[in-house]
**Student:** 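Okay, handing you the structure first.
Chain A is the first sequence line, chain B the second, and so forth, proteins listed ahead of strands; every chain is numbered from 1.
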Amino acid sequence: MESPITSSNYPPSISTNSPLTIRDELKSRLKKALVKSSFPEEIADISSATVAKFGDYQSHVAMVLAKRLGENPRTIARQILAHLHVSDMSAPPDVAGAGFLNFRILDQYLADRITQVTQDSRMGVPLASPRKRIVVDFSSPNVAKPMHVGHIRSTVLGDALVRIARFLGHDVITDNHIGDWGTQFGKVIYGWKHFLDPDDLAREPVEELVRLYRKTNQLGNEDPAIARQAREELVLLQRGDPENLVIWKQTVELSWKAFESVYKILDVHFTHCLGESFYNQSLSPLVEHLLATEVAQPSEGAICIFFPEIPELADKPCMIRKSDGGFLYATTDLATLEYRIKTWNPDTIWYVTGAPQALHFQQIFAIARRLGISAELVHIAFGNILREDRKMMKTREGENVSLATLLNEAIERAAKILTEKNPSLPLEEQEKIAHAIGIGAVKYAEFSQHRLTDYVFSWDKMLSFQGNTAPYLQNAYVRIRSIFRKSDEIPKLSSVHLDLPEERALALRLLQFGETVPIVLEEFRPNLLANYLFELANSFHSFYEKCPVLRAEEGVRESRLTLCNLSARVLAEGLSLLGIQVPERM
RNA sequence: GCACCCGUAGCUCAGGGGAUAGAGCAGUGGAUUUCUAAUCCAUUGGUCGCAGGUUCAAAUCCUGCCGGGUGCGCCA
């Protein structure tokens, strides 16, 4: 949903030159002071104050220096202070505790900054430098299997990282590496040939494919002859048998339609979808090449790559061709890597896949280095989704909650609450809002925790609309929009007053948007942005309770409208970086 | 056996060298003639798994142990 605020003619002039953030400005002043005091400037360090009573920002440099030089930290702090010029932005900094430098930003400086950031289309978020070309590998569902809750982490996390990287100015290529080739197809094809139900296939194609796979698998466990026949179907497919190819192609198309509907609900898009089958022809030459260059070696009939020089991998070889001639996951990944490097020449490749695959990527990356690939390769891992008994949700056996079902239930639950709270909404708008709230809640549930934390799946938690959830943030936005609907005046760009503590706290928080977005990519942690947005919404709700806007006297009203406007823009932009939409009312 | 991840409030989780460890939920007590109460304000609740070590400073780094999880040549 487009925000009328962000697309309106207010503010009148928009620049794209984001100013330095307050933190960076302080840091740069601190560096100058360090140089003048004959200290190394690299150790300059500014962080948000841990406790409000210590001010807004703090530095630990004096203590770090003291340790290095074996001197008294407070003495060093005073030395630095003598050369530190911040009187235009901060109250005189004091030396506190063991040698902290505490900064309390001047209200006037905050007010001027708000005016400045209001005119900035990037709302104070600096562009990344250098700009990188990044290939992101995420989502990667498997053909002939339904997308289940386990796929949500890769899809939603990857999408957010992509959005953030693009917002920061990087050149991002997304590639959905679909599992459209593998041993499961022997069983699917056998099932297709022997007990396909065309009606079921037409009605619920993916479920029917799963049934075919499961039935063959089960029969194969009981009867070795059937297992052998399924393997033969696979071999036929791999040799290019026309009939099996046609069946395979249909399963891919049917599955892709199901994926597409999920991606549409999630508003996730890819620039490329080169599945595993795309690399079929590359696998054999790749292995031959690795053999010829002695990167790989024959071993017990198979072809393996060994890592004697890496202690952790010394006893963990990577197999790239089975003794029966078949290729593996690692082979495809190497071919894929080679293709991506050759085709796109990226600076870095991000693999957004589960933590259990850490060893696999350690091997792939080690091989890449041996092949002279210099691009930075990153495995962006995430924890498992657990059942409420804390057991892992497995892809293979056991029922998985279907992703489409989950998403639809989220939307339905949101619709129900919406009907109770705001029954007067037109049906069509209600549907859109329920979508934004339900899907937002599911996505936000992912972002509100560290990506490596195992996730305990719970309908109630994932679809909770209270507290630290997407609806809380959306509600802050909706309250602002409501104000602007009732105000017939176009807010003029006026001087900002920060007289009440709630106004000041909100202003400071707004200015920290530019400090937050870039650090998300330092360790690939959208939860830092989610955290920031929650705190922003929190500051806004407090401001909203304490500071009447439309009823305020002239001057104060315009100032508060400016704060409201910027709050709405930051909330909408921040949430959109997480792939979450904001409704106009709820 | 080897490797990786995790252990923080009753529950779910933030914080990953810096000051008195935070939030949401749950609990308790308040706030609505007022711009959307999906809100706000106040409050109860802690041996940061255990033991050593490094440091001016450790939930955070190192070592060991305990507990849980995951992965490790013929799946992806």
**Student:** Rounded to the nearest 0.5 Å, how far apart are CZ of A/Arg479 and CZ of A/Phe540?
**Tutor:** 7.0 Å
**Student:** Using OP1 and OP2 only, check whether a side-chain N or O of A/Lys421 sits under 4.0 Å from B/A38.
**Tutor:**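 It does, given that an N or O in the side chain of A/Lys421 lies less than 4.0 Å from OP1 or OP2 of B/A38.
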**Student:** Distance check: side-chain N/O of A/Tyr544 vs OP1/OP2 of B/A38, anything under 4.0 Å?
**Tutor:**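 No.
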**Student:** With a 3.5 Å cut-off and heavy atoms only, can you find an N or O donor on one side and an acceptor on the other between the side chain of A/Thr453 and the base of B/C13?
**Tutor:** no
**Student:** With centres under 5.5 Å and planes under 30° as the test, does A/Phe100 stack with B/G18?
**Tutor:**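 Here A/Phe100 fails the 5.5 Å or the 30° condition.
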**Student:** Within the structure shown, what part of the strands sits under 4.0 Å from A/Val51 by heavy-atom distance: base, sugar-phosphate, or nothing?
**Tutor:** nothing
**Student:** Where does B/G27 fall, syn or anti, if syn means a chi angle no more than 90° from 0?
**Tutor:** anti
**Student:** Over 60° means perpendicular and under 30° means parallel, so tell me whether A/Trp256 and A/Phe259 are parallel, tilted or perpendicular.
**Tutor:**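 Taking A/Phe259 first and then A/Trp256, their aromatic rings stand perpendicular (interplane angle over 60°).
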**Student:** Any N or O donor-acceptor pair under 3.5 Å from the base of B/A19 to the side chain of A/Asn102?
**Tutor:** yes
**Student:** Is a donor-acceptor contact shorter than 3.5 angstrom present between the side chain of A/Lys316 and the base of B/C2?
**Tutor:**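 Indeed there is one.
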**Student:** How is A/Arg551 classified with respect to the nucleic acid when contacts are heavy atoms under 4.0 Å: base, sugar-phosphate, or nothing?
**Tutor:** base
**Student:** For RNA chain B, what dot-bracket results from Watson-Crick or G-U pairs at under 3.5 Å, with [ ] for crossers and | for inter-strand partners?
**Tutor:** (((((((..((((....[...)))).(((((.......))))).....(((((..]....))))))))))))....
**Student:** Whether A/Thr469 contacts B/G24 is assessed here as follows: a side-chain N or O lying under 4.0 Å from the phosphate OP1 or OP2. Is that the case?
**Tutor:**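 No, no such contact exists.
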**Student:** Mind checking if A/Lys546 touches a base, just sugar-phosphate, or nothing, with heavy atoms under 4.0 Å?
**Tutor:** nothing
**Student:** Measure the CZ-CD1 distance between A/Arg23 and A/Ile519 for me, rounded to the nearest 0.5 Å.
**Tutor:**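 Spacing of CZ (A/Arg23) from CD1 (A/Ile519) equals 7.0 Å.
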**Student:** At under 4.0 Å, does any side-chain N or O of A/Asn531 touch on OP1 or OP2 of B/G22?
**Tutor:** no
